[in-house]
Amino acid sequence: AQRGEVRLPIKGHMLRWARERARLTHEQLAQRLSVRQAKIRAWEEGSAFPTWRQAWKLAGALHVPIGYFFLERPPLTLLPTIVDFRTPNTSQRPHFSPELEDTLNDALRKRDWLREWRAEQGFARLSFVGRYRPDADPEQVAQDIRERLNLPLPTASGLNDLKRHLSRLVQHAEQAGILVLQSGVAQGNAHRPLSVDEFRGFALADPYAPVIFINARDSVAGRIFTFAHELAHLWIGTTGVSNPAAVFEAQQQEGLQVEVFCNRVAAEVLMPRELFVERWQRSAVQDGDVLKQVEAQARYFLVSNLAALVRARALRLIDEARFLEVWHDLQEQHDQVHAQKAEGSGGSLRANLHARNGRPLVEAVVQAVSSGRLLITEAAQLLNVSPATLSQHVLRAHNQ
């Protein structure tokens, strides 16, 4: 038989596991491989086997190494070093999607390389990682974050654009040694979008190479708050996946204490209490239109309307009844902007590369390649680009 007709005796239960992990139905997987559903079912039942070519297509469609199909049992898919902060109930926590799992693994790989590089270069430990405990005063932690990152008060001071606000936060964090990754797709693959409903960000608390990942499919205002939230995670030394917006609706659930704390720190970083109260009282309108006051605060601090509304409630500037009334009105607007396309697909290669890999990592990799300590192929794999692309666009730009 020719190579394309060779049958591979894969394990049917492993194919079923990979398909369910990818959240695909028999019909959807069959469409991707241009075969009948009956054939997919037969492979899973073990009554038939795919050809060599079909097996490779299966691996590609399900985003797993082809060797997984020959294992007796699924490998450990939940990363043991990553805490899931998205829900307090462990039994109800969903498995990480393949996209989130691969994104986490990619970030861990980047962190490990940068940590080793910085250690070899004699970098000192970053003292702010794990400096506080989750029972610390949120205002004290927020003040320390602003001081350590040399941020103005408020952080949006002098700006009038959400993207510039986010850019300022990222730039100051990178200057302090934090690796900031922003992407809306897994490993640079435009066909593997990340879900905002699943997660908005995560933090890897490491004293040499701390990492913050922001889901770029979120709105810019949403990313700003998530970024501040993940900073709080670094300051208390907790590594894990977050969905700060979900905590807005479950402030008091048992098991969410860390997330509630990080939200409070984030709110104080972006909207300092004294300044927020002062401006709220100054902007009071005669007809008591809470929405107008919330929108005015959001414009000034360059945050989302929802973040400003929650801040007003936390500071007891509005009662629960008015909060709920405005909350429901804003929630519909909030949901509409979350489904936007991932950013980073229309800018320059260099800008996208820095966003997805973090400027500190790109610069360290380029330095390692230039000094002969890292092969161009290894560097390209680390940054999820082709060697030709890395050589032509990145090294040339940095050598100018």
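What you are looking at is a predicted structure, and each value in this text was computed from that prediction instead of being measured.
Side-chain atoms of His354 and Glu363 include no donor-acceptor pair closer than 3.5 Å.
A donor-acceptor distance shorter than 3.5 angstrom exists from the side chain of Glu198 to the backbone of Ser97, with no hydrogens or angles considered. For Asn357 (side chain) and Leu181 (main-chain N/O), no donor-acceptor pair under 3.5 Å exists by modelled atom type. Remark: side-chain polar atoms of Ser391 are not paired, donor with acceptor, to backbone N or O of Pro387 under 3.5 angstrom. A donor-acceptor pair under 3.5 Å links the side-chain atoms of Ser371 to the main chain of Ala368, judged by distance alone. With hydrogens and angles disregarded, no donor-acceptor distance shorter than 3.5 Å links the side chain of Glu101 to the backbone of Pro98. Of the possible donor and acceptor atoms, none in the side chain of Arg192 sits under 3.5 Å from a partner among the backbone N and O of His63. Put simply, the side chain of Ser167 never gets that close to the backbone of Lys163: no donor and acceptor are under 3.5 Å apart. Proximity of a side-chain donor or acceptor of Ser157 to a complementary backbone N or O of Leu153 within less than 3.5 Å is not detected. In terms of modelled atom types and a separation under 3.5 Å, the side chain of Arg115 and the main chain of Ala209 share no donor-acceptor contact. Of the possible donor and acceptor atoms, one in the side chain of Thr239 sits under 3.5 Å from a partner among the backbone N and O of Ala205.
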> Run the side-chain contact (heavy atoms from CB on, under 4.5 Å) check on Lys11 and Leu71 step by step: do they pass?
Replying inline: CA-CA 7 Å; Lys11 305 290 186 182; Leu71 298 176; over 6 Å; no
>> Quick one, Asp135 with Arg133, criterion salt bridge (charged side-chain N to carboxylate O under 4.0 Å, His left out). Give me CA distance, side-chain angles, the key distance, then yes/no.
In response: CA-CA 5 Å; Asp135 57 359; Arg133 293 171 53 86; 3.6 Å; yes
>> Is there a side-chain contact (heavy atoms from CB on, under 4.5 Å) between Asn105 and Leu108? Walk through the geometry before answering.
In response: CA-CA 5 Å; Asn105 279 319; Leu108 287 167; 4.3 Å; yes
>> Assess the residue pair His13 and Arg73 against the criterion (side-chain contact (heavy atoms from CB on, under 4.5 Å)); give the C-alpha distance rounded to whole Å, side-chain angles, the decisive distance to 0.1 Å, and a yes or no.
In response: CA-CA 8 Å; His13 65 278; Arg73 61 181 61 88; 5.7 Å; no
> Can you check side chain to side chain donor-acceptor pair (under 3.5 Å) on Ser127 and Arg131, steps first, answer last?
Replying inline: CA-CA 7 Å; Ser127 60; Arg131 177 178 292 178; 3.0 Å; yes
> What's the verdict on salt bridge (charged side-chain N to carboxylate O under 4.0 Å, His left out) for Arg373 and Glu120, showing C-alpha distance, side-chain angles and the deciding distance?
Replying inline: CA-CA 12 Å; Arg373 302 179 65 178; Glu120 291 177 355; 2.9 Å; yes
> Yes or no on salt bridge (charged side-chain N to carboxylate O under 4.0 Å, His left out) for Asp106 and Arg109, after CA distance, side-chain angles and deciding distance?
Replying inline: CA-CA 5 Å; Asp106 188 56; Arg109 186 165 53 97; 2.4 Å; yes
>> One pair to check against side-chain contact (heavy atoms from CB on, under 4.5 Å): Asp206 and Leu126. What are the steps and the verdict?
In response: CA-CA 8 Å; Asp206 184 275; Leu126 298 173; over 6 Å; no
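A heavy-atom distance below 4.5 Å is not found between the side chains of Asp218 and Phe199. Under the 4.5 Å side-chain criterion, counting only non-hydrogen atoms from C-beta, Leu309 is in contact with Ile318. No side-chain heavy atom of Arg168 sits under 4.5 Å from any side-chain heavy atom of Thr155. Contact annotation: the side chain of Cys262 never approaches that of Glu230 to less than 4.5 Å [non-hydrogen atoms, C-beta and beyond]. For the pair Arg118 and Pro360, the minimum side-chain heavy-atom distance is below 4.5 Å. Taking 4.5 Å as the limit, every side-chain heavy atom of Glu116 sits out of range of all side-chain heavy atoms of Trp113. In this structure, the side chains of Phe69 and Val64 come closer than 4.5 Å at one or more pairs of heavy atoms. Gln28 places none of its side-chain heavy atoms less than 4.5 Å from the side chain of Arg19.
The shortest non-hydrogen separation linking Leu15 to Ile40 is CD2-O, 4.4 Å. Taking both residues in full, the closest heavy atoms of Pro272 and Pro154 are given as CD-CB, 4.3 Å, listed atom of the first, atom of the second, then distance. For Ala266 against Phe225, the heavy-atom pair with the smallest separation is CB-CZ, 3.8 Å. Considering every non-hydrogen atom in both Ala380 and Ser386, the closest pair reads CB-C, 3.7 Å. The shortest non-hydrogen separation linking Ala173 to Leu149 is CA-CD2, 4.0 Å. Shown here for Leu315 and Phe276, the closest heavy-atom pair between the two residues is CD1-CD2, 3.7 Å.
Atom CD1 in Ile178 sits 5.5 Å away from atom CG in Leu234 (nearest 0.5 Å). Atom CG in Leu104 sits 7.5 Å away from atom CG in Leu204 (nearest 0.5 Å). With values rounded to the nearest 0.5 angstrom, Ser183 atom OG is found 9.0 Å from Asn352 atom CG. Interatomic distance, Arg322 CZ to Gln293 CD, rounded to the nearest 0.5 Å: 8.5 Å. Note that CG of Leu179 and CD1 of Ile212 are 9.5 Å apart. Values are rounded to the nearest 0.5 Å. With values rounded to the nearest 0.5 angstrom, Leu330 atom CG is found 5.5 Å from Leu291 atom CG.
Within the structure, every pair that satisfies the side-chain hydrogen bond (donor to acceptor under 3.5 Å, both in side chains) test and touches residues 265-281, not counting sequence neighbours, is listed here: Glu139-Arg273, Glu268-Arg311, Glu278-Arg282. Legend: ring pair (Phe, Tyr, Trp, His ring centres under 6.0 Å) pairs involving residues 152-196, not counting sequence neighbours: none detected.
Sparse packing is recorded around CZ of Arg164, with 12 or fewer heavy atoms of other residues, nucleotides or ligands lying under 6.0 Å away. More than 12 heavy atoms of other shown residues, nucleotides or ligands fall within 6.0 angstrom of atom CD in Gln31.
In summary, the aromatic rings of Phe49 and Trp43 are positioned with their centroids too far apart to meet the 6.0 Å limit.
Side-chain heavy atoms closer than 4.5 Å link hydrophobic residues (I, L, V, M, F, W, Y) into clusters, and following such links, even through other members, never connects Phe123 to Leu374. One hydrophobic cluster, built from ILVMFWY side chains closer than 4.5 Å, cannot hold both Leu375 and Val365; they sit in different ones.
Partners of Tyr208 according to the ring pair (Phe, Tyr, Trp, His ring centres under 6.0 Å) rule, which considers only residues two or more places apart in sequence or in another chain, do not exist here.
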